[in-house]
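Read through the structure below, which is laid out as structure tokens, and then see the notes.
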Amino acid sequence: MNKAFTRTETSSPCLANFVDGKFVAGGTPFENRNPVTGELVSMVSEADAGVVDDAVKAAQRALKGPWGRMSVQERSAVLRKVADGIMKRFDEFLRAEVLDTGKPASLASHIDIPRGAANFNIFADQVLTLSTETFQMATPDGAGALNYAIRVPRGVIGVVCPWNLPLLLMTWKVAPALACGNTVVVKPSEETPTTAALLGEVMNEAGVPPGVYNVVHGFGPNSAGEFLTRHPDVNGITFTGETVTGTAIMKAASEGVRPVSFELGGKNAAVVFADCDLDKAIEGTMRSVFANCGQVCLGTERVYVERPIFDRFVARLKEAASGLRMGDPFDKATTMGPLISQEHRRKVLSYYEKAKAEGATVVLGGGVPDIDGAYANGSFVQPTIWTGLPETSAVVREEIFGPCCHIQPFDSEDEAVALANDSPYGLATAIWTENLTRAHRVAAQIDVGITWVNSWFLRDLRTPFGGSKQSGIGREGGVHSMEFYTELRNVCIKL
Ligand code: NAD
Ligand code: 6OD
């Protein structure tokens, strides 16, 4: 049986690597634990250097097999079948994502899983309309020459993914890479390996040839992540994760001068003007701070509010955040899950302690919730709001990646822009104002890749997505993804 989970009568289920269309065991299995209860979800087979090498070799072979000979139309049709395959097994993907991440099923069922499928459909469309360029040039003999560019796949793409939106972020890379005719070796996060492996079953069902999509499980340094990114036959690397990991991967990619596409960390600001629609600003900021327990790269951790509405805004956000409910992710009443792991909880709580030590006013939360019973071993933390910290505080400058924000007043538009820009990161911002002239003016001045006005995480998948400064290299989405996953070759014809 070619299934993601292998099981013997005596052992717990073990999630396998997916290489050349088959599920294969690797080295020593590691544990995947549910962050809601701390219980074992499954064992996961860690790919050793040999398994990673097998996966890369299979991906190289597949470039020259039926995949490499398929027309763009055929590839596009196969990708649509992959999207259909995810939707057919929606409940299975949903359960796997919820068990791995602990996020509420209500969230994963309207974001993670449908977007996993949508990513295949959008790039199946996109590849059909991809164009290149032609230039006619004069030559001394008067006959001229014609230049035209053709697009070719880059080859084998190493795809290294984080744990916060596992299926969504992985397919956001895999779908355009495959649409362009590449093959991939995916290294999902060690925290959330299941949906990447399940997708292997869907790939087989959809008729994706063996070796086109491969999955290797494991960790970063001295494990599958490093083996993959250092592998000389990987032709390009796409990575989403922490900026510090991006730095390590960029060093690995420099051997052999391989191109990289990076979506990295953020310390995103929201700027709330006094003329905003306060109800909408509170609803949007609630999502941007607390959705996915604050573990969204685009999430807001710094909120700047114009002074006349500062006190009202703080009180309203506190009231709304007090209504968040933690518990069983499959219960519709649950609106906030745990952090991904006990290790991440220790990191977030260390910032909660720093905030107190640096003299923050703790408006809400600041610790661990009083949850007992089945969830006592979960990695829950309280939704937390601070005011009163200096802008130099580590809590205001560093990415925490938890359900928390610091709120600071401002007195002028220029001051708000300067505060928002005072960060080594530049991923996203949300501006709340009913004055559209101001919105355009401020949006143009904030040094980020993505600005929302009166909304947050409203996604058109054709638009450029990515970060400035230390938040990334390159843009994903629509044609921008295709730029990374293809190489342009110019053909010059002397007429
Ligand atoms: P992470 O950087 O710790 O891990 C990401 C992946 O890299 C994992 O699969 C990990 O095993 C692997 N890895 C770690 N070290 C490696 C190494 N030396 N070589 C190769 N692979 C290695 O990130 P995370 O904790 O999984 O995710 C959270 C981070 O991701 C946050 O910083 C968040 O802002 C960022 N993120 C950014 C975006 C974006 O679009 N900009 C989206 C989601 C998450
Ligand atoms: O919506 C997307 O395409 C995307 N890449 C979202 C990233 C969220 C980060 O946590």
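Whatever order the structure lists ligands and atoms in, that order sets their numbers, starting from 1. The first residue of the sequence shown is numbered 1, and numbering continues consecutively from there.
Under a cutoff of 6.0 Å and an axis angle of 45°, Arg287 and Trp452 do not form a cation-pi pair. With a 6.0 Å cutoff to the six-membered ring centre and a 45° limit on the axis angle, Lys3 does not count as a cation-pi contact of Phe5.
With distances taken over non-hydrogen atoms, the option nearest atom 13 (N) of ligand 1 out of Pro193, Gly266, Gly220 is Gly220. Selection from Ile340, Leu427, Thr247, Leu264 by nearest heavy atom to atom 37 (C) of ligand 1 gives Leu264. Looking at Lys173, Glu263, Arg459 and measuring to atom 3 (O) of ligand 2, the nearest heavy atom belongs to Arg459. The option from Glu242, Glu263, His217, Gln295 that lies nearest to atom 40 (O) of ligand 1, judged by heavy atoms, is Glu263.
The N/O atoms of Thr245, backbone and side chain alike, include one that comes under 3.5 Å of an N/O atom in ligand 1. Any N or O atom pair closer than 3.5 Å counts here, and Thr243 shares no such pair with ligand 1. Between Glu399 and ligand 1, a contact under 3.5 Å exists for at least one N or O pair. Considering backbone and side-chain N/O atoms, Cys161 comes within less than 3.5 Å of an N/O atom of ligand 1.
Between Tyr213 and Phe18, the angle of the ring planes lies from 30° to 60°, which puts this pair in the tilted group. Taking the six-membered ring where the residue is Trp, Phe239 and Phe262 present perpendicular rings, their angle passing 60° and hence far from 30°.
With a 4.0 Å heavy-atom cut-off, ligand 1 is reached by the side chain of Glu190 but not by its N, CA, C or O.
Taking 4.5 Å as the limit, every side-chain heavy atom of Leu165 sits out of range of all side-chain heavy atoms of Arg115.
Near Phe457, meaning under 4.0 Å from one of its heavy atoms, ligand 2 places the atoms 1 (O), 6 (C).
More than 12 heavy atoms of other residues, nucleotides or ligands sit less than 6.0 Å from atom CG of Asp460.
Contact analysis puts Arg115 in contact with ligand 2, with a non-hydrogen atom separation below 4.0 angstrom.
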